[in-house]
Amino acid sequence: MSRSNTILNHDFYRKDVLEIARELPGKCLVRQVDGQLCRYGITDVEAYRGEEDQASHARRGRTPRTRVMYHEGGILYVYLVYGMHWMLNIVTGPQGHPQALLIRGLSTIQGPGRLTKALGIDRSFNAEDLTHSQRIWIEEVNGESPGQIITRPRVGIDYAGKEWREKPWRFILKNG
DNA sequence: AGACTGATTGGCT
DNA sequence: GCCAATCAGTCTT
């Protein structure tokens with residue numbers, strides 16, 4: 001069975017974050033370092049959607065940090081949390097609507113802080129364009145059937161009100 | 001200018 | 001289960 005990979009383009013990323021959240025697990029995050037390609041299966045993501053989402057950084061509107069979330073989908077949002085961990089997010093959706101997907105797990109690495117450390121992701125990746133970058137992008141493995149996705153509430157957002165805390169916007173690849 | 005907080009992790013009780 | 005590490009971003013004064 002022939003199998004080839006396709007780099008995800010603009011059309012994929014500009015859809016709504018909740019649609020992409022169901023499609024991203026099972027896809028392949030590719031990191032190029034010194035000409036060497038490293039591929040990781042995406043297994044766990046969390047969606048943050050709009051200024052109305054009280055769990056999202058964009059709940060306080062457009063700030064220097066959240067500016068990239070308002071960009072059209074297809075670029076990265078990378079920020080430091082707890083003074084020590086970089087978080088890797090994919091900006092999605094149309095321009096002007098702040099959305100992002102936190103990459104929470106890869107097939108070989110569990111935990112959003114551990115995976116950025118393993119891949120060498122830092123502040124310099126903020127606003128990186130996934131459709132043109134030579135050092136990071138995402139591929140679809142053609143001919144591969146997506147696995148089963150389960151949903152859970154998002155992690156680490158107790159400060160958000162009940163409505164937003166309980167939304168099942170974490171999407172996990174079963175057997176991932 | 002100062003205070004508070006957090007989309008985490010690992011170590012200890 | 002609890003808690004320290006550690007600091008940029010954001011809010012308050």
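Quick note: numbers below take in every heavy atom, side chains included, and nothing from hydrogens, waters or symmetry partners. Naming convention: chains lettered A, B, ... in sequence-line order (proteins, then strands); numbering from 1 in each chain.
- Counting distance only, with no hydrogens placed and no angle test, the side-chain atoms of A:Tyr79 and the base atoms of B:dA7 include a donor-acceptor pair under 3.5 Å.
- Under 4.0 Å is where a charged nitrogen must lie from a carboxylate oxygen, and between A:Glu52 and A:Arg59 no such pair does.
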Tabulate protein N/O versus nucleotide N/O from nucleotides 10-13 of chain C, keeping only pairs under 3.5 Å, one per line.
{"from": "C:dT10", "atom 1": "OP1", "to": "A:Thr63", "atom 2": "OG1", "distance (Å)": "2.3"}
{"from": "C:dT10", "atom 1": "OP2", "to": "A:Thr63", "atom 2": "OG1", "distance (Å)": "3.4"}

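- If you take CZ of A:Arg152 and C1' of B:dA7, they are 18 Å apart, rounded to a whole angstrom.
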Show me, pair by pair, the donor-acceptor contacts under 3.5 angstrom made by side chains of residues 150-157 of chain A, not counting sequence neighbours?
{"from": "A:Arg154", "atom 1": "NH1", "to": "A:Ala47", "atom 2": "O", "distance (Å)": "2.9"}
{"from": "A:Arg154", "atom 1": "NH1", "to": "A:Asp53", "atom 2": "OD1", "distance (Å)": "3.4"}
{"from": "A:Arg154", "atom 1": "NH1", "to": "A:Asp53", "atom 2": "OD2", "distance (Å)": "2.7"}
{"from": "A:Arg154", "atom 1": "NH2", "to": "A:Asp53", "atom 2": "OD1", "distance (Å)": "3.1"}
{"from": "A:Arg154", "atom 1": "NH2", "to": "A:Trp164", "atom 2": "O", "distance (Å)": "3.0"}

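- Look at A:Glu166 and A:Lys162 and you find a salt bridge, because one of the NZ, NE, NH1 or NH2 atoms lies within 4.0 Å of a carboxylate O, short of that distance.
- Rounded to an integer number of Å, the gap from CD of A:Gln54 to P of B:dA7 is 13 Å.
- Rounded to whole angstrom, the span from the CZ atom of A:Arg67 across to the P atom of C:dA8 amounts to 18 Å.
- Counting only distance, with no hydrogens or angles, the side chain of A:Asn89 and the backbone of A:Tyr77 share a donor-acceptor pair below 3.5 Å.
- Proximity of a side-chain donor or acceptor of A:Gln54 to a complementary backbone N or O of A:Gly161 within less than 3.5 Å is not detected.
- Nucleic acid contact class of A:Ala55 (heavy atoms, under 4.0 Å, all strands): base.
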Return the polar atom pairs (N/O with N/O) between nucleotides 9-12 of chain B and the protein under 3.5 Å, or none.
{"from": "B:dT9", "atom 1": "OP1", "to": "A:Pro112", "atom 2": "N", "distance (Å)": "2.9"}
{"from": "B:dT9", "atom 1": "OP1", "to": "A:Gly113", "atom 2": "N", "distance (Å)": "2.9"}
{"from": "B:dT9", "atom 1": "O4'", "to": "A:His85", "atom 2": "NE2", "distance (Å)": "3.3"}

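- Taking atom C1' in both B:dG10 and C:dA8, the straight-line distance is 22 Å, to the nearest Å.
- Nucleotide B:dT8 holds its P atom 11 Å from the CG atom of A:Asp44, rounded to whole Å.
- The pair A:Arg39-A:Glu139 meets the salt-bridge criterion, with a side-chain N (NZ, NE, NH1 or NH2) lying under 4.0 Å from an Asp/Glu carboxylate O.
- For the side chain to side chain contact (heavy atoms under 4.5 Å, CB included) with A:Ile136, the lone residue among A:Val33, A:Asp129, A:Leu130 that qualifies is A:Leu130.
- Once the 5.5 Å centre distance and the 30° plane angle are applied, the aromatic ring of A:Tyr48 is found stacked with the base of B:dA7.
- Mapping A:Tyr82 and A:Arg123 onto DNA chain C via the closest heavy atom, the residue that lands nearer the 5' end is A:Tyr82.
- When the P atom of B:dA7 is taken as reference, atom CG of A:Leu101 falls 16 Å away, rounded to whole Å.
- Between the P atom of B:dT5 and the CZ atom of A:Arg59 lies a distance of 12 Å, rounded to the nearest Å.
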- prompt: How would DNA chain B look in dot-bracket form, 5' to 3', counting Watson-Crick and G-U wobble pairs with both distances under 3.5 Å and writing | for bases paired to another strand?
  reply: ||||||.|||||.
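- A single hydrophobic cluster is not seen to contain both A:Phe125 and A:Ile7; linkage of ILVMFWY side chains at heavy-atom distances under 4.5 Å, directly or through other members, places them apart.
- Residues A:Ser133 and A:Glu128 have side chains that bring a donor and an acceptor to within less than 3.5 angstrom of each other.
- A side-chain donor-acceptor contact under 3.5 Å links A:Thr66 to the backbone of A:Gly61.
- No donor-acceptor distance shorter than 3.5 angstrom exists from the side chain of A:Tyr13 to the backbone of A:Gly93, with no hydrogens or angles considered.
- Contacts of A:Phe12 classified as ring pair (Phe, Tyr, Trp, His ring centres under 6.0 Å), with partners at least two apart in sequence or in another chain: none.
- The cluster map of Ile, Leu, Val, Met, Phe, Trp and Tyr, joined by side-chain heavy atoms under 4.5 Å apart, puts A:Leu115 and A:Tyr40 in the same cluster.
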Atom pairs under 3.5 Å, N or O on each side, protein against nucleotides 1-3 of chain C: can you list them with distances?
none

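- The distance from the CZ atom of A:Arg104 to the CZ atom of A:Arg114 is 13.5 Å, given to the nearest 0.5 Å.
- Summarising the geometry, the separation between CH2 on A:Trp86 and C1' on C:dT6 is reported as 12 Å, rounded to the nearest angstrom.
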